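Predicted, not measured: the structure shown is a model, and the values here were computed from it. Note on naming: letters A, B, ... go to the chains in the order of the sequence lines (proteins, then strands), and numbering restarts at 1 for each one.
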There are 2 protein chains.
Amino acid sequence: MARETLVDSRQEILRTAARLFQQRGYDATSMNDVAAALKLSKGGLYHHFQSKDEILFEIMDHAMEITQERVINPVRDIADAEERLRALIRLHIEVVLSPRDREITVMLHENHPLPPALRKRINSRKKEYVHFLENLMAEAQKVRHPHSTKGKVSPRAAAFALLGMLNWIYQWYKPEGDLQAQNLIPQFTEIIFGGIFA
Amino acid sequence: MARETLVDSRQEILRTAARLFQQRGYDATSMNDVAAALKLSKGGLYHHFQSKDEILFEIMDHAMEITQERVINPVRDIADAEERLRALIRLHIEVVLSPRDREITVMLHENHPLPPALRKRINSRKKEYVHFLENLMAEAQKVRHPHSTKGKVSPRAAAFALLGMLNWIYQWYKPEGDLQAQNLIPQFTEIIFGGIFA
DNA sequence: CTAAGTACCGACCGACCGGTCGGTTTTTCG
DNA sequence: CGAAAAACCGACCGGTCGGTCGGTACTTAG
């Protein structure tokens, strides 16, 4: 069917574009570069997408979709709050480090380029994730300290601290380094649950 | 003296450029924009700097200078490792949040644009900072646990975790928000020293 | 005053960018 | 087969970018 090949083409373009955007940056990657990498002319590329902005938006939107399906949804129904948090840390790291999901890195890094209307849609989805994490933090703290109405660390600060730890990984991670996913996940989990002396 | 006004001009240009780069992004800011903000023509601007790359490099280099002088140097001679780490966290946050030091944010965000030779010089200074922090982490862990040869959290993972927490702040921080420097510093310190349940 | 050097202007350049469009090939389907 | 639709090409456009350059105003020192 024509419909399916069209969708496939779009997704293949998005994957290639995401790869290039991640490697060279959004601004430094021209539509010609994207087209050439797909063995397409620029005109052919514009048959599938209206603008470069549209491609970036679709990449970021897809990144949020991935986050929803590979992190939030699998975690949602875990009853114990601490286990839920543990699972979220693990899944979030796995998504960030997955070479297949370069969209995440692009979304994390490219803030400016999107026109305001599209950027707001992405930002609102990001905020949803922050709130989800914030509630999870509050719940986990409640389980650990059921009596104290308020700990020293607010759920919001904890959420941003964790997001920073996780979303910064792409800045320093090298697959050939000695600090890989298998070491990283338990260590970052330990830090969140008990600090660097745990 | 002519020499001093020249230096002043360069620094004023760098400050203005840093502000614009931070607000609109490096690629989205043209040399015309920078010149106009300084009430200069583009030709006049090129009298002081050879290229846009040179400006970005100087901004980033200055950012590393600031880190050296406002974080590393004040911390260096603190005898107690834990106190040294506490001070580093506080100073690093203060630098990242200081509206005067926009260079830091530019340096944190703009990775791609610099030509390889200049980028390597910045990266090596960044690595120095990571190593400094890594050693500090190892020392602090040693003080806390003098007997165990190795804790669950490696100094390297701890260093990257902390850097992530701190360097990600610029992505979400709003001066008008309820989470400001005065709340942030003790909370992030608590998380590093004892996790989110501390 | 004068001459040299600094600071600066503004017109200009070639390159490249995102995007367009008329036409051609390829695929799909009755 | 044949026609419609989808995919694709490549030349082209207006605009902007980083950067240049010849000339001018201003400052400074002798």
Residue A:L40, side-chain heavy atoms: nucleotide from D:dA7, D:dC9, C:dA7 that is nearest: D:dC9

Side-chain N,O (A:H47) to OP1/OP2 (D:dA7) below 4.0 Å: yes

Short side-chain N/O contact from A:H48 to OP1 or OP2 of D:dC8, under 4.0 Å: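 Indeed, a polar side-chain atom of A:H48 lies that close.
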
B:H145 and A:F197 aromatic ring geometry - parallel, tilted or perpendicular at 30°/60° bounds: perpendicular

Parallel, tilted or perpendicular: rings of A:Y26 and A:F21 (30°, 60°): perpendicular

Salt-bridge present (A:R10, A:E54; N to O < 4.0 Å): yes

Salt-bridge criterion met for B:R24 and B:D33 (N-O under 4.0 Å): yes

Contact state string [nucleotides 10-26 of chain D, B base, S sugar-phosphate only, - no protein heavy atom under 4.0 Å]: B------SBBBB-----

No-hydrogen, no-angle side-chain donor-acceptor test under 3.5 Å, A:N111 and B:Q171: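 Yes - a donor-acceptor pair under 3.5 Å links their side chains.
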
Side chain to side chain donor-acceptor pair (under 3.5 Å) against A:E82, all qualifying residues, sequence neighbours excluded: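 Residues passing side chain to side chain donor-acceptor pair (under 3.5 Å) with A:E82: A:R144.
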
Length of the line joining A:F49:CZ and D:dA7:C1', which is rounded to integer Å: 14 Å

